[in-house]
Amino acid sequence: MKKLIILIIFMILLTGCWDRIELEEQAYIIVIGLDKAKGDNVSVTYEIENPQGGGGNITGMSEKEPTSEVVTVIAPDIISSKNMISSSITRRPTFSHTRTLVVSEELARSDDFFPLLESAIREREIQRDIFFIVSKENARDFIINNDPQLITRPHKFYDFIAKRGEETGSLSKSTIHKFLQLTEGDAGVFLAIYGTTKKSPPPAYGCEDKYVAGQLPIKNDNFIQMMGSAAFKEGKMIGLMTGEETRISHFLRPAFKNNSMLATYPDPLDDNRKITCLVKRSHEPNIKMDLNTDIPKIDITVSFEIRLIAIPSMINYVTNIKNRELLKKSIEKNLRHKFNKFIERTQYDFKMEPFAWSLEARKHFSTTKEYIDYDWMKSYPKAEVNLSIDVTITDFGKQLRPPDLESIKD
């Protein structure tokens with residue numbers, strides 16, 4: 001009798017297929033777009049992936065199907081909108097495969113955005129590691145205009161371009177989790193990926209990273225650009241950073257995955273040329289703080305290892321020690337000027353730092369209450385920051401000596 005009772009109990013506990021839903025009955029939402037709507041409503045756009053579209057089965061019929069479908073609905077919030085779209089699609093919508101959130105700049109700059117997003121996180125299907133992108137135009141236009149040429153699956157495009165941007169340093173690691181963490185911590189600026197599918201007039205200067213999305217002089221069939229960052233403070237977008245400023249914010253962070261990044265610097269012996277280098281931080285910045293005075297003092301030293309990649313002027317910076325020392329000092333001066341200029345901008349424009357220096361400041365207080373009473377957010381804008389840059393040229397590429405141009409012409 002005991003065995004029978006135990007068997008019945010196990011049969012009840014191990015029955016796990018009663019609420020199953022077949023894969024073909026589900027609509028996988030891969031991208032969510034948010035735009036402002038009239039009143040207290042929000043315009044929610046869903047890009048729903050078609051598992052059979054763009055692939056290739058035996059009959060070849062699925063190749064004719066679209067890879068995704070875009071649906072937009074006006075709703076009070078994100079969660080209620082999911083049920084509303086069920087009236088126009090045949091499958092059950094699910095957030096389990098959602099990888100990207102696109103928010104229009106207009107909505108990101110409003111006071112309605114943070115409560116809207118915070119309430120949506122209560123939905124169990126929405127994961128906190130979703131990529132967070134701010135679009136210059138409406139999120140719906142951004143999603144519709146994105147037509148990847150080399151990648152069939154739309155969700156892979158966003159995944160790959162976000163990871164590639166982290167490698168080059170022109171984009172931040174932007175997720176919903178980091179956004180909520182920094183906003184609720186009330187101690188820093190959150191940097192979201194900034195993107196657009198619309199062209200903008202490029203600035204007068206030409207460089208590899210002094211742009212925001214839409215300004216890069218690139219021609220291709222799918223005009224979508226992601227460059228720079230949208231800066232958030234207290235859950236609201238307050239400004240834009242170029243790709244260069246985003247890189248600087250990475251270099252000044254204590255904990256940052258240090259990848260080698262390509263960058264160009266002025267040639268000290270040829271005003272019309274630039275030198276291309278592979279830049280890598282030697283180690284984490286050395287940060288020292290004195291928070292016992294009315295004006296906080298921050299001393300930071302950043303060390304770089306630089307590998308020369310291209311020298312268009314063909315000036316000998318390899319075997320000529322005097323030229324090499326001149327180049328080293330020139331790069332240090334250039335970096336110091338750019339870094340100081342950006343630090344000043346964070347103090348006067350953003351009035352908060354995006355470098356995660358608050359983590360270092362916490363070490364100077366015995367209790368959490370002391371740190372909260374100090375109010376890092378109000379103290380940083382008046383801080384005195386002393387920056388030191390140290391550059392070591394470690395490599396010169398495959399060719400040691402530049403070719404003798406005069407001999408070639410002769």
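FYI, the numbering just counts along the sequence from 1.
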Decide whether [X] and [Y] meet the rule of one side-chain donor and one side-chain acceptor closer than 3.5 Å.
X: Tyr194; Y: Glu105; answer: yes
X: Glu137; Y: Thr197; answer: yes
X: Ser81; Y: Tyr46; answer: yes
X: Thr175; Y: Asp129; answer: no
X: Thr72; Y: Arg140; answer: yes
X: Tyr380; Y: Thr346; answer: yes
X: Thr246; Y: Ser170; answer: no
X: Thr94; Y: Ser96; answer: yes

Measure the spacing between [atom1] of [X] and [atom2] of [Y] and express it to the nearest 0.5 Å.
X: Gln347; Y: Glu353; atom1: CD; atom2: CD; value: 10.0 Å
X: Asn323; Y: Glu325; atom1: CG; atom2: CD; value: 11.0 Å
X: Ser135; Y: Asn146; atom1: OG; atom2: CG; value: 11.5 Å
X: Lys136; Y: Gln225; atom1: NZ; atom2: CD; value: 10.0 Å

Does NZ or CZ of Lys199 fall inside the cone over Phe223's six-membered ring, less than 6.0 Å from its centre and within 45° of the axis?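 Yes.
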Report yes or no: is the cationic atom of Arg99 (NZ for Lys, CZ for Arg) under 6.0 Å from the centre of the six-membered ring of Phe131, at an angle within 45° of the ring normal?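 Yes, Arg99 and Phe131 form such a contact.
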Salt bridge present between [X] and [Y] (N-O < 4.0 angstrom):
X: Glu360; Y: Lys363; result: yes
X: Lys288; Y: Asp299; result: no
X: Glu284; Y: Arg253; result: no
X: Lys328; Y: Glu332; result: yes

Determine whether the aromatic ring centres of Phe190 and Phe114 lie less than 6.0 Å apart.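 Judged by ring-centre distance (under 6.0 Å), Phe190 and Phe114 do not meet the cut-off.
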side-chain contact (heavy atoms from CB on, under 4.5 Å) assessment of Lys297 paired with Met289: CA-CA 6 Å; Lys297 294 183 179 180; Met289 294 184 178; over 6 Å; no
side-chain contact (heavy atoms from CB on, under 4.5 Å) evaluation trace for Leu262 with Leu278: CA-CA 5 Å; Leu262 283 172; Leu278 200 64; 3.6 Å; yes
When you measure from the side chain of Asp290 to the backbone of Asn292, do you find a donor-acceptor pair of N or O atoms at a distance under 3.5 Å?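 Answer holds: yes.
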Checking the side chain of Arg324 only, and the main-chain atoms of Val318 only, is there a donor and an acceptor separated by less than 3.5 Å?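 Yes; at least one donor-acceptor contact below 3.5 Å.
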With [X], which residues qualify under ring-ring contact (aromatic ring centres under 6.0 Å, His included), at least two apart?
X: Phe342; answer: Phe355
X: Tyr374; answer: Phe365
X: Phe350; answer: none

Ring geometry between Phe132 and Phe179 (parallel below 30°, tilted from 30 to 60°, perpendicular above 60°):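 Judged by the thresholds at 30° and 60°, the geometry between Phe179 and Phe132 is perpendicular.
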Take Ile238 and Met352 through the side-chain contact (heavy atoms from CB on, under 4.5 Å) test and state the conclusion after the steps. CA-CA 11 Å; Ile238 58 174; Met352 198 59 258; over 6 Å; no
Checking side-chain contact (heavy atoms from CB on, under 4.5 Å) for the pair Ile79/Ile126: CA distance, chi angles, key distance, verdict? CA-CA 10 Å; Ile79 306 304; Ile126 296 181; 4.2 Å; yes
